[in-house]
Amino acid sequence: MAADLQARIADRLNERRANSLYRQRPLLGTAQGPEVIVDGQPLLAFCNNDYLGLANHPDVIAAWRSGAERWGVGGGASHLVIGHSAPHHALEEALADLTRRPRALLFSTGYMANLAAVTALVGQGDSVLEDRLNHASLLDAGLLSGARFSRYLHNDPASLASRLEKAPPDGASLVVTDGVFSMDGDVAELPALAQVTKARNAWLMVDDAHGFGVLGPQGGGVVEHFGLGLDDVPVLVGTLGKAFGTAGAFVAGSEALIDYLVQFARPYIYTTSQPPALACATLKSVELARHEGWRREHLAALVRQFRTGAEALGLGLMPSDTPIQPIVIGDSGRAMAWSRRLRGQGLLVTAIRPPTVPAGSARLRVTLSAAHTEAQVARLLDGLAACQALPELGNE
Ligand SMILES: *Cc1c(COP(=O)(O)O)cnc(C)c1O
């Protein structure tokens, strides 16, 4: 007899709850920023990815508004039909300039850019090798591609080299890594990964969703940070919904790579272009991110302040110099309890649990933004100290 739909989903939901893995969506009642109202409660938040404080910037809002007046709201069609408008094109040129690459191609989301690049570049008979802590969209893309899928040890060039040895020599091999790991905050060992990859004639793809805007003197991300070129990292993905504060994503690379993606990448071809006014807003935020270096400097100072304070409290920090500063708790129930107790003190820090992170490594994912003040980071540290002082912070 066929399984009953309602019974099956009820079972799976109950199992999630029993394992402290049930997820809920906090309801945000304000724009992004340090001070928010969530589920009706005013809170000081440390969990968005608006690292430079551009998501609610008046100049970006003004660019969006005047963009909408000139270009309307909807993209209207896919890029290849009649949806590729002048603001999209100008944004692609600005992103190519930022990354110092011949061309960039705009996507509606980072998830789609990753699906597009991986599935267009490799398929059956090829290999895709991924860091085991890569973002879900990269892992999904690898599986969907139909290529032989293998994961190497986190940020470990030797492990990558041994996996590359085993890749069938007649197929192509694509190596895929996050630039800054989204749940740990550490930076990929790109020079060594690039060297190993090139030595095997494989291709390196970097998804720098969390590095753009934050790393590099101009905010050009991890590739700029390490001074790597097109032959080290031929496929570079960036997203626009994090440090750039808007939405969308891009792939930057050679003339031929972008031409190829336009021809063959299904998540590029079969979708409506993003609203042109959004591209107008992003053009402004990319300009601010590039030229207002003080945002990166202030952010780096907040990261140092947080780490010094959290280390003094003896909290389980990870080796990260980026604005992603997780505090590892371990057990999912305990991570939820910490998050709830912080919330009781007016602080919002999300607990991240499996399957987003490996089993037994539930954590509070603290993220800092240039929009935060030193006083706000001090408040977070006080809240963490108060949590720690509470007796027996177990499952609640
Ligand atoms: C957020 C994120 C994505 C997805 O980007 P969206 O534009 O939000 O779809 C892809 N890769 C990484 C590493 C990310 O952190």
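Heads up: numbering here begins at 1 and tracks the sequence. Numbering of ligands and ligand atoms starts at 1, following listing order.
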For R8, look at atom CZ and say whether over 12 heavy atoms of other residues, nucleotides or ligands are found less than 6.0 Å away.
no
What is the ring orientation for Y260 with F264, classed by angle as parallel under 30°, tilted 30 to 60°, or perpendicular over 60°?
tilted
Nearest-contact summary for atom 5 (O) of ligand 1 - protein heavy atom, Å:
G110 CA, 3.3 Å
Compare V206, D207, N134 and give the one whose heavy atom is closest to atom 13 (C) of ligand 1.
D207
Tell me the contacting part of L240 for ligand 1: side chain, backbone, both, or neither, using a 4.0 Å heavy-atom threshold, strictly below.
neither
Name the orientation class of the two ring planes belonging to H79 and Y268 (parallel below 30°, tilted from 30 to 60°, perpendicular beyond 60°).
parallel
Counting heavy atoms only, which part of S182 comes closer than 4.0 Å to ligand 1: side chain, backbone, both or neither?
side chain
Assess the pair H372 and F46: is the distance between their ring centroids shorter than 6.0 Å?
yes
contact_flag S137 ligand 1 heavy-atom lt 4.0 Å:
yes
For atom 4 (C) of ligand 1, what's the nearest protein heavy-atom neighbour? Residue, atom name and distance, please.
Y111 N, 3.7 Å
For A45 and G33 the tightest heavy-atom approach is CB-O, 4.4 Å
For atom 14 (C) of ligand 1, the option (of K242, M183, M112) bearing the nearest heavy atom
K242
May I ask you to check whether A209 has an N/O atom sitting below 3.5 Å from an N/O atom of ligand 1?
no
So if I count the atoms of ligand 1 from 1 in the order they appear, which ones are less than 4.0 Å from some heavy atom of N114?
10 (C), 11 (N)
Can you list the atoms of ligand 1 that are under 4.0 Å from a heavy atom of H210?
14 (C), 15 (O)
Any N or O on D178 sitting closer than 3.5 Å to an N or O of ligand 1?
no
Greater than 12 external heavy atoms within 6.0 Å of Q263's CD
yes
If you count the atoms of ligand 1 from 1 in the order shown, which ones are under 4.0 Å from a heavy atom of T239?
5 (O)
For F181 and H154, I'd like to know if the aromatic rings sit close, meaning centre-to-centre distance below 6.0 Å.
yes
Pair listing, side chain to side chain donor-acceptor pair (under 3.5 Å) test, anchored in residues 157-167, at least two apart:
E165-R200
